[in-house]
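Heads up, the thing below is written out as structure tokens.
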Amino acid sequence: MCITIDRENLLFSLNTSHTTYQFFADSRGFLRHLYYGQRIGNFDMRYREFHSDCGFSPNPGEMHTQRDFSLDTRAQEYTGCGIGDYRIGCLSLTNGDGSYSADFRYAGYAELEGKYAIPGLPAAYDNSGSCRTLRIDLRDPVTKLELALYYGVFPEQDVITRCAVLRNAGGSAVRLYKAASACLDLPFGKWDILHFQGRHCMERMPERIPVPHAALTVGSDRGTSSHQHNPFVILAAPETCEEFGVCYGAMLVYSGSFKIEAECSQLQSTRLVLGISDQRFCWTLEPGASFHTPEVLLSCSVDGFGGLSRRYQDFLAAHICRGTFRDTPRPILINNWEATYFDFNSEKLCAIAQQAKELGVEMLVLDDGWFGKRNSDTSGLGDWHVNEQKLGTTLTELIQRIRAIGLDFGIWVEPEMVSQDSDLYHAHPDWALSVPGRTPAQGRSQLVLDLSRKEVVEYLYGVLAGLLRSHDIRYVKWDMNRSLSDVFSRSLPPERQGEAAHRYMLGVYDLLERLTAEFPQVLFEGCSGGGGRFDAGMLYYFPQIWCSDDTDAVERLKIQYGTSFGYPIRTVGSHVSACPNHQTGRTTSLHTRGIVAMSGSFGYELDPQKLSEEEKEEIRRQICQFRRHRDLIFFGDYYRLTNAMTDDYFTAWQFAAKDGSAALLNVVVVAPKANPYPIHVQLKGLQPEALYRETESGSVYSGAALMHGGYTLPIMTGDYPGFQCRFERI
Ligand code: DGJ
């Protein structure tokens with residue numbers, strides 16, 4: 001049983017294969033966190049409780065003159081508001097009487113079969129039958145505000161999911177200014193926080209800092225999870241490294257503005273609070289209404305960051321990603337963006353397709369510029385009808401020609417946006433987010449459609465479903481190329497404008513749910529100027545996401561390294577592009593570009609007609625190699641062998657089949673040395689007793705030798721040389 005309840009003591013133990021999460025409802029009804037970490041079973045951890053009178057930390061009113069307990073000093077499962085806990089809190093609200101307080105007391109629990117769902121929001125699901133849900137009900141006796149805390153326990157995956165639901169059972173409206181999804185209190189120890197910062201073209205760069213004695217915030221107020229911060233953090237003991245040590249992951253299943261706060265308290269406990277951003281957030285809860293917060297995925301590892309990453313990668317691949325393509329190899333595609341940008345017609349596309357087919361590519365993706373008046377990024381968004389004049393054919397004819405060449409056809413869309421220079425904007429200027437009387441800020445010369453409005457979602461659904469119904473489209477790249485600003489919805493009354501940003505996200509999710517359900521045969525890839533919305537919320541609808549607009553192989557080493565901490569390798573869209581690279585101007589070999597791009601959903605982003613015969617031959621070989629390694633990359637375990645941020649000589653990473661039958665080693669030299677010293681790596685995830693043959697040279701090694709004695713690479717010189725080799729169990 002993964003959920004054990006000691007009814008007498010109201011002690012709740014959630015056990016997974018390797019971890020225990022425990023809390024209890026105390027005699028006053030406060031729900032207090034006791035333990036999260038390596039498995040200790042159902043042992044009652046209340047022995048760690050301490051009693052002290054901490055100066056300037058108030059005691060609950062019912063304690064009268066007794067002073068040895070304060071909410072300010074205790075670990076909690078979720079905080080109230082305005083009642084004497086001064087650390088970062090989960091809630092901020094006003095009640096009907098104008099008071100700012102919420103004081104939740106235990107009211108009961110329910111154990112539920114399977115995994116709970118969250119209406120309108122993406123959330124982990126379970127098909128295996130092993131997940132169970134615990135719901136804890138709390139109530140504020142004065143205002144009658146109810147709080148339900150949900151815990152989903154995935155025993156084999158070592159994952160605990162959480163979300164909170166607030167319900168107004170009182171008689172007057174409550175205004176929520178902050179409603180976090182979860183709080184994780186670690187009562188003892190020093191912790192570092194690892195978060196993933198970045199910018200457009202350089203997403204998810206890990207940064208590790210001690211949790212300070214101050215509220216540290218990472219988050220986004222951009223209306224998307226953003227390039228700048230990712231909704232995923234890790235708390236790690238100072239000694240934790242890639243392979244050893246304790247660390248906790250906390251990932252939001254949400255794609256909009258978010259806030260993750262961490263703080264080390266005056267008594268040296270650490271608190272982490274995660275949820276929707278509270279900037280410009282104000283949600284009115286009328287009597288009888290509920291508010292559902294997005295889900296948080298918690299996991300704990302004692303095998304360092306590597307162990308934690310493999311848990312998240314496996315979990316997201318099986319319990320977040322959905323649909324036909326979840327467990328299948330994805331087509332090797334060629335995307336025309338960096339080959340042509342906006343300058344193409346059917347002839348050019350067919351020529352690219354023809355050449356790509358000869359190289360072994362499986363799908364052509366027609367990127368931006370095929371619709372409306374769209375010859376640059378300043379016009380046309382919103383007009384999702386084919387520009388036949390530009391193409392020189394109908395879309396149906398183009399697809400038929402591509403299919404006749406032997407490739408599947410995919411298409412790019414950016415449905416959430418509108419150009420002011422478009423028919424849609426002229427017909428519905430009020431559909432764009434903008435504040436009355438102000439000129440809205442532009443981003444890439446475009447405005448954002450107000451997807452908090454049902455009629456906008458309905459319109460987009462009609463247009464996109466029509467496109468997919470009437471054409472043989474096998475893949476959709478769903479782009480989103482600006483941050484939200486001027487968030488004001490003309491369909492909401494003034495006092496509800498603070499709901500617009502979250503309602504926008506609910507509209508996006510609604511649209512995606514309907515489209516992905518209706519077109520299961522279509523592979524959807526997410527994108528937001530590359531990886532500006534690379535999060536678990538999007539992965540619920542899109543089994544892969546374009547990882548970054550930076551296709552430079554050397555920069556990608558860092559981007560893909562950072563992304564791998566939380567996300568499955570097969571969800572990472574990565575392509576070989578032309579050199580000199582369009583973003584950095586750097587030249588790397590085709591060989592190196594291939595090795596880097598293969599660690600993901602593989603494809604090309606170049607004009608194959610411009611390749612030399614030698615390069616074409618190399619791409620043919622590359623594609624054969626990828627087909628050979630695809631299962632290992634998609635379904636194997638992933639190991640970071642170096643730190644791509646700090647190891648300045650080379651970057652190495654590896655895949656190992658889950659049954660230990662094969663391994664793929666990848667290395668790129670990022671700073672070649674004069675008089676070089678050997679590159680030596682220790683492989684992971686092999687069977688110590690088994691023998692492995694290196695497939696190129698035929699040399700045989702034992703698993704133990706490769707893992708403990710390591711493998712020495714041939715000396716490599718030149719610009720960013722790459723090395724890849726495969727070991728197969730004999
Ligand atoms: C941004 C994407 O990340 C690119 O791959 C490309 O699709 C452009 N948008 C097209 O406008």
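Indexing begins at 1, ligand by ligand and atom by atom, following the structure's order.
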Give every pair formed by an N or O atom of ligand 1 and a protein N or O atom closer than 3.5 Å, one pair per line with both atom names and the distance to 0.1 Å, or write none.
| residue | atom | partner | partner atom | Å |
| --- | --- | --- | --- | --- |
| ligand 1 | 3 (O) | Gly530 | N | 2.9 |
| ligand 1 | 3 (O) | Asp549 | OD1 | 2.3 |
| ligand 1 | 3 (O) | Asp549 | OD2 | 3.2 |
| ligand 1 | 5 (O) | Lys477 | NZ | 2.7 |
| ligand 1 | 5 (O) | Trp546 | NE1 | 3.4 |
| ligand 1 | 7 (O) | Asp367 | OD1 | 2.7 |
| ligand 1 | 7 (O) | Asp367 | OD2 | 3.2 |
| ligand 1 | 7 (O) | Trp412 | NE1 | 3.1 |
| ligand 1 | 7 (O) | Lys477 | NZ | 3.0 |
| ligand 1 | 7 (O) | Asp479 | OD2 | 3.3 |
| ligand 1 | 9 (N) | Asp479 | OD2 | 2.7 |
| ligand 1 | 9 (N) | Asn481 | ND2 | 3.4 |
| ligand 1 | 11 (O) | Asp368 | OD2 | 2.6 |
| ligand 1 | 11 (O) | Arg444 | NH1 | 2.8 |
| ligand 1 | 11 (O) | Arg444 | NH2 | 3.0 |

- Task: Run the salt-bridge test on Arg403 and Asp408 with the 4.0 Å N-O cut-off and return the result as yes or no.
- Result: yes
- Query: Between the side chains of Tyr540 and His319, is a donor N or O closer than 3.5 angstrom to an acceptor N or O?
  - Reply: no
- Item | Pair Asp450 + Arg490, salt bridge at N-O below 4.0 Å | no
- Item | salt_bridge(Asp327, Arg322) N-O dist < 4.0 Å | no
- Note on the structure: Residues passing the salt bridge (charged side-chain N to carboxylate O under 4.0 Å, His left out) test with Arg640, sequence neighbours excluded, are Glu242
- Task: Would you mind checking if Glu362 and Arg330 are paired as a salt bridge, meaning a charged N to carboxylate O distance below 4.0 Å?
- Result: no
